[in-house]
Every structure is written in structure tokens, then in C-alpha cells.
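Take a look at the structure set out below.
Both counts, for ligands and for their atoms, begin at 1 and track the order of listing.
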Amino acid sequence: MSPTPRPVPDETETQQDCVLALDVGGTGMKGAVVDRTLTPVASLRVPTPRVQGPEDVVDTIVDVLRILRDMALDRGLPVRHAGVVVPGIVDEARGRALWAANLGWRDLALADVLARRTGLAVVLGHDVRAGGVAESALGAARGTRNSLFVAIGTGVAAALVCDGVAVTSGGYAGELGHLAVDPHGMACACGGRGCLETVASASAVVAGYNAVAPRPVVGAAEVADRARSGDPVAEEVWNRAVEALAQGLASVTTLLAPERIVLGGGLAEAGPLLLDRVRVALAGRLTFQRNPELVRAALGDRAGNIGAGIVAWSAAGVDAVAARSASEAPLPVSRTVDIAHAATAAAAL
Ligand SMILES: [Zn+2]
């Protein structure tokens, strides 16, 4: 693997300026140089060094932003803003990452730290809210004014779009994974008990299966495969997740009445095995409420990154969604450079 990526300019290089978009996840970061139509001009992926602690994670974000900036400058594109989206509790208005279970930081003035260390204008966002905004503007919730985007991966988090506005509430809105679905359930990492994500996250599905089954699995996709082939333990674990999700979504539907619910993240990769079953289980819980459409996410694992681009252009005063929407062509995918060690690559540039 080359430590010094120097992407070759391609035909997408048509704009005069750009933003940097970075989606920081628990296991990996996805970065892109993004033009005014949200087209990624260049993309990269790098592992998140979370076991080394929050300082190393911040160092890696800095290195990745420097690499992306150099990718942009190589193409003659001045960088307007950098949009960085992270998991946990994020106070977007104040640029502070308040809490993240996986990444370990507590009340960190992340936007200021990154701006000082990179010289870039940095705007901070929340990964799932950014993904929800992207799905709402350009993906599976397009055309609705009230939607719920649910990312089901290591945890469960949601983005609420109500009357066309993404609800933030100081960073605390959307913690669907910590809605209690079983008062006698398992202890949750948040300190609560019986939270939705102790039953219905991808990792909970794996743990629930491996706790009972003689042949352990590595990922939730294997549990889904075994459920499809009639493994009774897999069936039981899967259905428990489905019922818990339906219970959580019924509560949200009663309170906020989304027209459409978009399921994304690793568990949604199971497709109809999740979607069809949750749709039936949810409908069975509703009486007077409007039954929301339940659909799979359209942007896949790019949603957070596209959302980071929207956040960055918005901070620059540019309506990139309108520019993108003017084109009916699907959002292009750029070639992605995989970087094993961001610090080595940044130093070599
Ligand atoms: Zn919890």
C-alpha cells in the first residue's frame, strides 16, 4: 500500500473551490474532497486508532484533514470549509464533542482544536444527523418533510427531521438506541437497563446469538443467513431484535409521526429479512397513528460523508443540496484511496 497517495486528476475537476468532508467512525474514517454539487473529487479511508485513546484519534483527524487539503490543492481547488462529523453527543452550534462512548472524549472543543492545528475553517457535526440530512435531501427520505433515519450498527442512533428541520436540541436529540424497551433487560453501556441497542444493534445480535449457539458468528450478516436457513437460535435472536426495533419505532411514530422511516447501518444490509419483518411488527403496534413507510437507506455508508459535505458547504453559505438536486444524475462515487497510517502519509506530503 502506498503511503503517499497522489490522486490523478479526473474529469470531475470542474469547480473552482471545494470543501473537505470527513466522517469519523468507531473503526474507520471516510474523507472526501467535495465540489459544489456534492460530487466527491477524491476520497480516502483510514482506520480510527481508538484503542490508543482520544488524543490519537484527534491527531489522526488532523493528519487526514491535511492529506485531504493537499489533495484539493493538488487539483487547484481552494478549500472553503472542512465538515467533520463524529458519533456521540455533539453540540454542533458550539463545535463541541460532548461525549462519545467509543472514542472516549469528553466535552472537547473539537472544531477549535482542528481549526487551530490545520488552519482550516472547521465545522463540527454529528455522524447520524449528517447522514439523516443526506438521506432526507438526496436519499431514501427525499420528498418528505418528516422523517426518521435510523443507523443500526455497533449501536443504534437516529436523526429526526421534523417539518423539514433536523432536530438537534443541543446535541442530545435522537438517542433512539437508549430508549428502554425492557425494564428487566440487560445493563447498557450508557448506565441504563434494557435499552433498544442492548437487543437490536448489530453487535447485540451477534452477542445474543453467540451466547447460546454452539457455532459462534463474527457478524450480524451471519446471524441473518442462519435465520434464513432455519437456525432456530438465529430466528429467535433476530425476531427479538425486530420486535424491539418495532417497539422503539412505534414510540417515535406516536410522538413525531414521521412520514417515512429509513433504516441504515450494518443490520439494514440484511434487506427484507429486517425491513419486511419490522414493517409488519410496527404496523401491528399502531392503531390510530399514521403508518410510516419503512425503507432501506439509499446512500449506504456514504451518508455520513455526504452529510459532512452538506454541513461544510452550508457553513460556507452555499446551498450544495440545491446544486445537486438540479442534476437528476445519481451522486457519483470517486476512487477511494486506502491509507493504513495517516501520520506517515501526512508527513510524506
Ligand atoms: Zn443505553
Side-chain angles (χ1 to χ4, degrees), residues 24-27 48 50-51 53-54 57 85-92 96-108 125-132 148-160 166-212 219-220 223 236-256 258 261-268 270 274 278 281-282 285 297 304:
V24 179
T27 53
T48 301
R50 69 177 163 126
V51 289
V57 174
V85 302
V86 301
I89 306 293
V90 181
D91 185 342
E92 285 131 332
R96 299 185 82 92
L98 299 181
W99 182 84
N102 285 329
L103 300 178
W105 49 49
R106 301 285 181 267
D107 197 15
L108 178 64
H126 179 257
D127 57 351
V128 176
R129 268 197 296 282
L148 179 74
F149 170 62
V150 185
I152 312 169
T154 312
V156 177
L160 315 163
V167 179
T168 57
S169 198
Y172 290 87
E175 291 294 335
L176 178 65
H178 302 286
L179 205 63
V181 294
D182 179 2
H184 308 294
M186 282 185 289
C188 179
C190 76
R193 181 167 292 282
C195 295
L196 176 59
E197 74 176 39
T198 66
V199 185
S201 64
S203 37
V205 166
V206 170
Y209 183 80
N210 286 347
V212 184
V223 181
E236 188 189 334
V237 169
W238 194 264
N239 281 335
R240 206 185 308 147
V242 164
E243 292 298 327
L245 274 170
Q247 186 179 334
L249 296 178
S251 299
V252 177
T253 299
T254 304
L255 281 175
L256 298 168
I261 295 174
V262 178
L263 299 187
L267 210 66
L274 186 74
V278 173
L282 173 59
R285 283 176 158 78

**Item:** Candidates Leu256, Ile261, Leu263, Thr253 - the one meeting side-chain contact (heavy atoms from CB on, under 4.5 Å) with Leu148
**Value:** Ile261
**Request:** Kindly give the heavy-atom pair with the smallest separation between Leu267 and Leu274, and that separation in Å.
**Result:** O-CD2, 3.8 Å
**Complete:** Heavy atoms of Ala173 and Val167 approach each other most closely as CB-O, 3.7 Å
**Item:** Whether Ser169 side chain and Tyr172 backbone form a donor-acceptor pair below 3.5 Å
**Value:** no
**Request:** State, yes or no, whether a side-chain contact exists between Leu245 and Leu282 at a heavy-atom distance under 4.5 Å.
**Result:** no
**Side-chain heavy-atom pair Leu179, Ser251 within 4.5 angstrom cut-off** = yes
**Asked** Excluding waters, which protein N, O or S atoms are within less than 2.8 Å of the Zn ion (ligand 1)?
**Response** His178 ND1, Cys188 SG, Cys190 SG, Cys195 SG
